[in-house]
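Computed from a predicted structure; not experimentally measured.
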Amino acid sequence: MDYIKKDFAEILYTREQIRQRVEELGRQITADYDGKHPIVVCILKGAGMFMADLIREIRTPINIDFMAVSSYGSGTESSGVIKIKKDMDRNPDGRHILIVEDIVDTGRTLSRLKEELEKRGAVSVKICTFLNKPSRRVIPVQVDYCGYEVGDEFIVGYGIDYDERYRNVPFIGTLKRDIYENK
């Protein structure tokens with residue numbers, strides 16, 4: 001990973017800090033969903049690493065599913081246009097849904113998803129995100145489980161990308177500005 005560290009201005013959360021926080025979230029979710037058998041829905045691609053680690057820490061029966069939703073192109077700003085590229089395979093009607101996301105930014109994507117799943121008959125829809133950026137909210141959305149709250153910085157690693165790069169970095173950090181400003 002040394003070849004990639006040169007692109008980072010700062011490391012915000014180490015692999016160990018991430019592991020500890022995911023364990024804590026798993027315990028909290030286990031307690032809250034005991035006896036409810038939720039469908040845990042991973043928002044692809046960014047939440048893949050977080051989801052894989054998180055579900056190993058949940059100690060109550062779950063089903064898993066996946067959705068691919070996008071509001072970003074190849075840039076650093078949300079386009080505001082939401083596209084469902086891959087829908088859930090399971091029917092959410094009558095089920096508790098836990099959406100797992102990598103980062104909540106403007107709120108556009110998750111507010112739309114939550115509304116859609118409620119229309120489809122979900123008993124409850126909660127949101128678990130590893131990173132939350134409340135300072136960037138355009139549309140209010142309640143985050144029920146959060147790894148860390150972060151400021152308005154461009155963050156990558158642990159599944160979060162810039163132009164499909166840096167997802168495989170096992171830590172979370174900020175990129176040097178020249179990486180994304182001079183593209």
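Grouping the Ile, Leu, Val, Met, Phe, Trp and Tyr side chains by contacts below 4.5 angstrom, directly or via other members, places I39 apart from I62. Hydrophobic clustering places L131 together with I29 (ILVMFWY residues linked when any side-chain heavy atoms are closer than 4.5 Å, directly or through intermediates). Residues V169 and M49 fall into different hydrophobic clusters, defined by Ile, Leu, Val, Met, Phe, Trp and Tyr side chains chained together at heavy-atom separations under 4.5 Å. Note: the hydrophobic cluster containing F50 also contains F66 (ILVMFWY, side chain heavy atoms under 4.5 Å, direct or indirect links). Linking ILVMFWY side-chain heavy atoms closer than 4.5 Å, directly or via other members, places M67 and L44 in two distinct hydrophobic clusters.
In this structure, N132 and T129 approach most closely via the heavy-atom pair CB-CG2, 4.1 Å. The minimum heavy-atom distance linking G151 with S135 is given by the pair C-OG, 4.4 Å. For the pair T30 and I58, the tightest heavy-atom approach, listed with the atom from each and the gap, is OG1-CA, 3.3 Å. Here the closest heavy-atom approach between residue P92 and residue I97 is recorded as CB-CD1, 3.8 Å. Across every non-hydrogen atom of G35 and T60, the tightest pair is N-OG1, 3.8 Å. Residues A52 and I55 come closest through the heavy atom pair O-CG1, 3.7 Å.
Under a 3.5 Å cut-off, the side chain of R95 and the backbone N or O of H37 do form a donor-acceptor pair. In this structure a side-chain-to-backbone donor-acceptor pair under 3.5 Å is missing from T174 to I155. A donor-acceptor pair under 3.5 Å is formed between the side chain of R137 and the backbone N or O of D105. Checked by atom type and distance alone, the side chain of Q17 pairs as donor or acceptor with a backbone atom of T14 at under 3.5 Å. Of the possible polar contacts, one joining the D65 side chain to the R90 backbone as a donor-acceptor pair under 3.5 Å is found. Looking only at distances, a side-chain donor or acceptor of K133 sits under 3.5 Å from a matching main-chain atom of E153.
Inter-residue side-chain proximity for V156 and R167 is flagged as unmet; no heavy-atom pair is nearer than 4.5 Å. V100 has its side chain within reach of V40: a pair of non-hydrogen atoms, C-beta onward, lies under 4.5 Å apart. The side-chain heavy atoms of I18 and F130, taken from C-beta on, include a pair separated by under 4.5 Å.
For the 3.5 Å distance criterion, the side chains of D163 and Y180 fail to qualify, holding no donor opposite an acceptor.
With rounding to the nearest 0.5 Å, the separation of CD in Q28 from OH in Y33 is 10.5 Å. The distance from the CD1 atom of I103 to the CD atom of E101 is 8.5 Å, given to the nearest 0.5 Å. In this structure, CD in Q142 is found 12.0 Å from CG in L110, a value given to the nearest 0.5 Å. Considering CZ of R120 and CG of N91, their distance stands at 8.5 Å, rounded to 0.5 Å. Taking SG of C146 as the start and CG of L25 as the end, the distance is 8.0 Å to the nearest 0.5 Å. With values rounded to the nearest 0.5 angstrom, T109 atom OG1 is found 14.5 Å from K114 atom NZ.
Between R21 and E24 a salt bridge is recorded (basic side-chain N to carboxylate O distance below 4.0 Å). A salt bridge does not link D34 to R59: none of the charged side-chain nitrogens sits closer than 4.0 Å to a carboxylate oxygen. The pair D152-R136 meets the salt-bridge criterion, since a charged nitrogen lies less than 4.0 angstrom from a carboxylate oxygen. A salt bridge does not link E116 with R112: every distance from a Lys NZ or Arg NE/NH1/NH2 to an Asp or Glu carboxylate oxygen is 4.0 Å or more. A salt bridge between D89 and K86 is present, with a side-chain N of the basic residue lying under 4.0 Å from a carboxylate O of the acidic one.
Evaluated for a side-chain contact (heavy atoms from CB on, under 4.5 Å) with C128, the options L54, D144, I99 yield exactly one hit, L54. Among the candidates R165, K176, R177, the single residue satisfying the salt bridge (Lys or Arg N to Asp or Glu O under 4.0 Å) test with D7 is R165.
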- Going through the checks in order, is the side-chain contact (heavy atoms from CB on, under 4.5 Å) test met by Y166 and I160? CA-CA 7 Å; Y166 307 104; I160 302 166; over 6 Å; no
- Decide side-chain contact (heavy atoms from CB on, under 4.5 Å) for Y145 and D32; before the verdict, give the C-alpha distance in whole Å, the side-chain angles of both, and the deciding distance to 0.1 Å. CA-CA 11 Å; Y145 306 96; D32 292 352; 2.7 Å; yes
- Could you walk me through whether I127 and V141 pass side-chain contact (heavy atoms from CB on, under 4.5 Å), step by step? CA-CA 9 Å; I127 296 169; V141 64; 3.4 Å; yes
- Item | Derivation of the salt bridge (charged side-chain N to carboxylate O under 4.0 Å, His left out) call for E16 and R19 | CA-CA 5 Å; E16 182 59 21; R19 184 191 63 73; 2.3 Å; yes
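Y13 pairs by the side chain to side chain donor-acceptor pair (under 3.5 Å) definition with nothing, not counting sequence neighbours. Annotation: side chain to side chain donor-acceptor pair (under 3.5 Å) contacts of E118 (sequence neighbours excluded): none.
Residues in residues 45-57 take part in these side chain to side chain donor-acceptor pair (under 3.5 Å) pairs, two or more places apart or across chains: K45-E164, D53-R56, D53-Y158.
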